[in-house]
J.: 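Below you will find the structure I want to go over with you.
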Amino acid sequence: MRYRLRFHLQEVDLSGDEVLVGRGSMCQVTIDDPMLSRRHVRIDLSGDEPALEDLDSRNGTQLNGTPLVRRATLQDGDRIRLGTQELVFIVVGSARRNFRTTSGLTFCVGCAVPYPSTSLQCPHCGAAATEEVGISTPPDVAPSGWTFHLLSQVATRAIEQGRLADAERMLSRGIDELEEQLDRGVEVEPLRIAAVAECAARLGCSLGAGRWLEKSAKLYARAASSPSQEVLVLLDALVGDARLADAIERIRQLGPESRQAG
């Protein structure tokens with residue numbers, strides 16, 4: 001039998017007795033996502049039936065929406081979730097292949113959050129995709145908004161867990177991409193831009209770093225949005241740091257009271 005992994009719009013052939021998936025360079029399938037462990041899962045192809053094994057990963061693994069406990073047999077169309085990434089296991093030539101192949105977004109009827117239409121259920125609330133939901137991207141919603149929605153979710157979790165280096169790495173790359181798209185005139189929902197601004201502000205407060213507060217202020221302004229009360233409280237704790245005074249003031253000027261006064 002031949003096996004593949006589908007990741008986004010690509011399919012990767014699996015060969016040999018085992019395939020390691022993770023963010024480390026020693027893996028046959030490497031995914032650059034800080035939510036993944038260096039060696040996250042092992043796909044065992046040595047027996048009569050392929051099997052998936054979690055390698056004591058930091059954030060765990062889900063198989064078809066259920067947490068994987070050590071090891072389970074794989075079947076065609078099984079969905080493997082690692083961090084924010086979803087992979088589909090494919091048995092080449094199987095008649096059971098029934099997942100979608102479009103590249104649009106599905107809007108969940110349960111929580112109204114968009115997600116890739118290749119997923120068979122909403123990764124946020126677990127609601128199953130239905131034909132009534134639709135599988136194409138509405139013309140007034142930019143597909144890129146999904147990318148930045150995930151970025152803000154993962155970066156926020158990293159900050160909450162104290163993994164500030166991971167959060168910096170993600171936001172550095174993500175904000176560069178966001179600004180590039182905005183400069184090219186790509187339409188990104190202001191809500192998504194504001195969510196990234198919020199992450200940058202929280203990271204700046206955690207690190208006491210003015211450059212992240214400056215980035216945050218620019219994104220808030222581009223989204224025509226105000227910082228949350230939570231961010232304003234975090235800024236209050238930094239007012240004694242003269243190095244950050246200018247950056248703090250820039251964000252405060254975008255607050256609700258300042259907008260009302262304007």
Side-chain angles (χ1 to χ4, degrees), residues 1-47 49-106 108 113-129 135 143-144 146-151 153-154 157-158 166 170 173-174:
M1 298 292 291
R2 293 174 52 215
Y3 306 103
R4 291 177 181 168
L5 277 181
R6 167 170 287 196
F7 177 58
H8 289 177
L9 300 179
Q10 303 179 28
E11 291 189 1
V12 179
D13 286 309
L14 306 181
S15 60
D17 288 340
E18 70 170 18
V19 174
L20 297 179
V21 182
R23 61 183 177 86
S25 58
M26 76 292 292
C27 295
Q28 286 85 358
V29 178
T30 302
I31 301 175
D32 184 15
D33 183 336
M35 295 296 289
L36 271 64
S37 298
R38 294 186 183 279
R39 297 171 73 256
H40 200 104
V41 294
R42 169 178 176 263
I43 299 177
D44 183 0
L45 304 175
S46 62
E49 293 184 311
L52 179 69
E53 179 182 358
D54 184 88
L55 300 176
D56 295 321
S57 62
R58 179 174 56 190
N59 292 310
T61 303
Q62 290 190 356
L63 180 61
N64 297 321
T66 301
L68 175 65
V69 180
R70 296 299 300 174
R71 184 180 174 95
T73 300
L74 283 171
Q75 297 182 357
D76 182 61
D78 278 350
R79 293 170 291 106
I80 304 167
R81 189 163 185 82
L82 316 174
T84 61
Q85 313 297 332
E86 184 170 275
L87 296 77
V88 179
F89 183 75
I90 298 170
V91 179
V92 178
S94 171
R96 294 183 61 241
R97 293 180 65 177
N98 58 2
F99 46 84
R100 305 185 191 279
T101 58
T102 71
S103 58
L105 297 180
T106 292
C108 178
V113 172
Y115 62 92
S117 56
T118 49
S119 299
L120 297 182
Q121 72 179 69
C122 174
H124 305 281
C125 70
I135 58 174
S144 57
W146 166 251
T147 301
F148 302 116
H149 173 72
L150 281 182
L151 170 67
Q153 279 196 332
V154 176
R157 182 170 177 181
D166 283 344
M170 283 184 285
R173 183 174 56 191

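Numbers here are sequence positions counted from 1.
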J.: Could you tell me if the side chain of R4 sits less than 4.5 Å from the side chain of R2, heavy atoms only?
T.: yes
J.: What are the two closest non-hydrogen atoms of F7 and Q85, and how far apart are they?
T.: CE1-OE1, 3.2 Å
J.: Is any side-chain heavy atom of V91 less than 4.5 Å from a side-chain heavy atom of Q75?
T.: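 No - every pair of side-chain heavy atoms lies 4.5 Å or more apart.
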J.: With a 4.5 Å limit on heavy-atom distance, are the side chains of L5 and F89 in contact?
T.: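 Touching, per the 4.5 Å side-chain cut-off.
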J.: Could you check whether any side-chain heavy atom of L52 comes within less than 4.5 Å of a side-chain heavy atom of I43, counting everything from C-beta outward?
T.: yes
J.: Restricting to non-hydrogen atoms, name the atom on V92 and the atom on Y3 that form the minimum distance, rounded to 0.1 Å.
T.: CG2-N, 4.3 Å
J.: Can you tell me if H40 uses its side chain to pair, donor with acceptor, with the backbone of D56 under 3.5 Å?
T.: no
J.: Within the 4.5 Å heavy-atom criterion, are L55 and V41 side-chain neighbours or not?
T.: no
J.: For N64 versus G77, what's the shortest heavy-atom pair and its separation?
T.: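 Scanning both residues, the minimum pair turns out to be OD1-O, 4.4 Å.
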J.: Hey, what do you get for CZ (R42) to CD (E18), rounding to the nearest 0.5 Å?
T.: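 If I round to the nearest 0.5 Å, the distance is 4.5 Å.
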J.: What's the separation between atom CG in D78 and atom CD1 in I90, rounded to the nearest 0.5 Å?
T.: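 Between D78 CG and I90 CD1, I get 11.5 Å after rounding to 0.5 Å.
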J.: So V12 and L87, do their side chains get closer than 4.5 Å, heavy atoms only?
T.: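 Side chain of L87 against side chain of V12, heavy atoms only: no contact under 4.5 Å found.
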J.: Under the rule for side-chain hydrogen bond (donor to acceptor under 3.5 Å, both in side chains), what residues qualify as partners of D54, not counting sequence neighbours?
T.: S57, T61
J.: Salt bridge (charged side-chain N to carboxylate O under 4.0 Å, His left out) with R71: which residues, sequence neighbours excluded?
T.: D44, E53
J.: Donor-acceptor pairs under 3.5 angstrom involving side-chain atoms of residues 21-31: please list them, not counting sequence neighbours.
T.:
residue, atom, partner, partner atom, Å
R23, NE, L36, O, 2.6
Q28, OE1, L20, N, 2.8
T30, OG1, G24, O, 3.2
T30, OG1, C27, O, 3.4

J.: Name the residue from L82, D166, N59 that meets the side chain to side chain contact (heavy atoms under 4.5 Å, CB included) definition with M35.
T.: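 Looking at L82, D166, N59, the match for M35 under the side chain to side chain contact (heavy atoms under 4.5 Å, CB included) is N59.
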